[in-house]
Amino acid sequence: MAERGALVEVDGELQYDAETAAAFATARSAVEDGLRERGFRVVHSYPDDFAAQEGYEAGEPGRLAFFVNPLRLCSVGLWVRRFGHLGELVTDDDLTHQLARFARPHMPDTELFWDLNLGHGMLIAAANAVSKRVGAQRLMGHAGLSGRLAMVGDTMSDFLGGDVAVHYAVGDAKPEFKRVADYVATAPVTSGAVEILQRLTRGG
């Protein structure tokens with residue numbers, strides 16, 4: 001399940017709303033075209049993956065690069081970075097705000113979930129009507145599942161409701177998610193997820 005539940009994978013087959021995907025594909029292309037017309041560099045990659053490439057091609061210090069999440073189908077994910085003097089990619093809160101202002105008019109004409117994450121220099125736009133709860137219910141329907149899912153998460157966006165899921169929080173989850181979780185791991189991030197999966201395989 002991905003993109004706030006807009007996309008689910010069942011037995012290796014992706015299930016999503018084609019109309020929503022087409023609307024966001026149009027929006028993504030419009031943003032990219034607009035940036036390129038202004039002479040900016042647009043890259044289909046994650047910033048960290050791009051910088052980790054062998055033969056990484058840094059821009060001149062001060063030049064900008066815009067990154068487009070290459071995997072999203074039913075939403076748009078964008079980053080902006082400035083090249084530093086050593087070729088490093090630098091985030092900038094003002095640039096991220098400018099990217100959001102530029103991208104907003106190109107987005108589908110629907111109520112949006114607008115996630116402007118300054119810490120990561122990132123913008124995510126998705127349909128507000130979609131949530132992980134909705135996605136989980138779609139996933140269960142497609143897979144013919146009943147009962148409750150196991151949901152591993154770190155924020156309240158991962159809370160599906162007790163009727164849909166048993167909730168597991170990684171150790172560095174937000175306090176409000178920890179309070180509603182059925183189990184809280186001692187370890188953070190990936191190690192916490194491994195801890196939870198090990199517990200699940202033991203039937204916990």
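The nearest pair of heavy atoms linking Pro70 to Tyr46 is CD-CE1, 4.2 Å. Of all non-hydrogen atoms in Pro108 and Ala27, the two that sit nearest each other are CD-CB, 3.8 Å. Pairing each heavy atom of Ala169 with each of Ala181, the nearest pair is CB-CB, 3.8 Å. When all heavy atoms of Leu123 and Ala100 are compared, the closest pair comes out as CD2-CA, 3.9 Å. Among all heavy-atom pairs drawn from Ala129 and Val134, the shortest one is O-CG2, 4.1 Å. Smallest separation of non-hydrogen atoms from Leu200 and Ala150: CD1-CB, 3.9 Å.
Here side-chain hydrogen bond (donor to acceptor under 3.5 Å, both in side chains) pairs that include residues 173-183, with residues two or more places apart or in two chains, are Tyr183-Glu195. Counting only residues at least two apart or on different chains, the side-chain hydrogen bond (donor to acceptor under 3.5 Å, both in side chains) pairs with a member in residues 108-122 are Glu111-Asn128, Asn117-His120.
In this structure a side-chain-to-backbone donor-acceptor pair under 3.5 Å is missing from Arg63 to Phe83. Of the possible polar contacts, one joining the Arg4 side chain to the Val130 backbone as a donor-acceptor pair under 3.5 Å is found. Checking side-chain atoms of Asp33 against main-chain N and O of Ala30 turns up no donor-acceptor pair under 3.5 Å. Arg138 contributes a side-chain N or O that, together with a main-chain N or O of Ala6, makes up a donor-acceptor pair within less than 3.5 Å. Judged by distance alone, with hydrogens and angles left aside, the side-chain atoms of Ser29 form no donor-acceptor pair with the main-chain N or O of Thr26 at under 3.5 Å.
Taking NE2 of His167 as the start and CE of Met156 as the end, the distance is 8.0 Å to the nearest 0.5 Å. Of the inter-residue distances, the one linking Asp158 atom CG with Ser131 atom OG reads 11.5 Å to the nearest 0.5 angstrom. Atom CG in Leu112 sits 5.5 Å away from atom CZ in Arg104 (nearest 0.5 Å). Here Arg101 contributes atom CZ and Leu116 contributes atom CG; the two are 9.5 Å apart, rounded to the nearest 0.5 Å. Here the CE atom belonging to Met140 is positioned 4.5 Å from the CG atom belonging to Leu149, to the nearest 0.5 angstrom. Annotation: the span from Lys132 atom NZ to Phe159 atom CZ amounts to 13.5 Å, rounded to 0.5 Å.
Val170 places a side-chain heavy atom less than 4.5 Å from the side chain of Val152. Between Val164 and Gln137, the closest side-chain pair of non-hydrogen atoms falls below 4.5 Å. By the 4.5 Å heavy-atom criterion applied to side chains, Val31 and Met107 are counted as neighbours. You'll find the side chain of Ile124 reaches within 4.5 Å of the side chain of Arg72, heavy atoms only. In this structure, the side chains of Val10 and Leu139 come closer than 4.5 Å at one or more pairs of heavy atoms.
Classified by interplanar angle (parallel below 30°, tilted 30° to 60°, perpendicular above 60°), the ring pair Phe50/Tyr56 is perpendicular.
Under a hydrophobic-cluster definition in which Ile, Leu, Val, Met, Phe, Trp and Tyr are linked whenever side-chain heavy atoms come within less than 4.5 Å, directly or via other members, Trp79 and Val68 are assigned to different clusters. Note on Phe67: it does not cluster hydrophobically with Phe102, by side-chain heavy-atom contacts below 4.5 Å among ILVMFWY residues. No continuous path of ILVMFWY side-chain contacts below 4.5 Å connects Met122 to Val80, so the two sit in separate hydrophobic clusters. Met1 and Ile196 end up in different hydrophobic clusters when Ile, Leu, Val, Met, Phe, Trp and Tyr side chains are linked at under 4.5 Å. Taking hydrophobic clusters as Ile, Leu, Val, Met, Phe, Trp and Tyr residues chained together by side-chain heavy-atom distances below 4.5 Å, Met151 does not share a cluster with Tyr168.
Environment of CD in Gln53: crowded, with over 12 heavy atoms of neighbouring residues, nucleotides or ligands closer than 6.0 Å. Other residues, nucleotides and ligands contribute at most 12 non-hydrogen atoms within 6.0 Å of the OH atom of Tyr16. Within a 6.0 Å radius of CZ in Arg36, more than 12 heavy atoms belonging to other residues, nucleotides or ligands are found.
Under the side chain to side chain contact (heavy atoms under 4.5 Å, CB included) test applied with Leu64, the options Leu35, Leu95, Asp92, Leu99 reduce to a single match, Leu95.
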**OP:** I would like to know whether Arg81 and Asp48 meet salt bridge (charged side-chain N to carboxylate O under 4.0 Å, His left out); could you show each step before the answer?
**Re:** CA-CA 11 Å; Arg81 295 290 186 272; Asp48 290 346; 5.6 Å; no
**OP:** Take Thr91 and Thr96 through the test side chain to side chain contact (heavy atoms under 4.5 Å, CB included) and record every step on the way to the result.
**Re:** CA-CA 8 Å; Thr91 60; Thr96 307; 5.7 Å; no
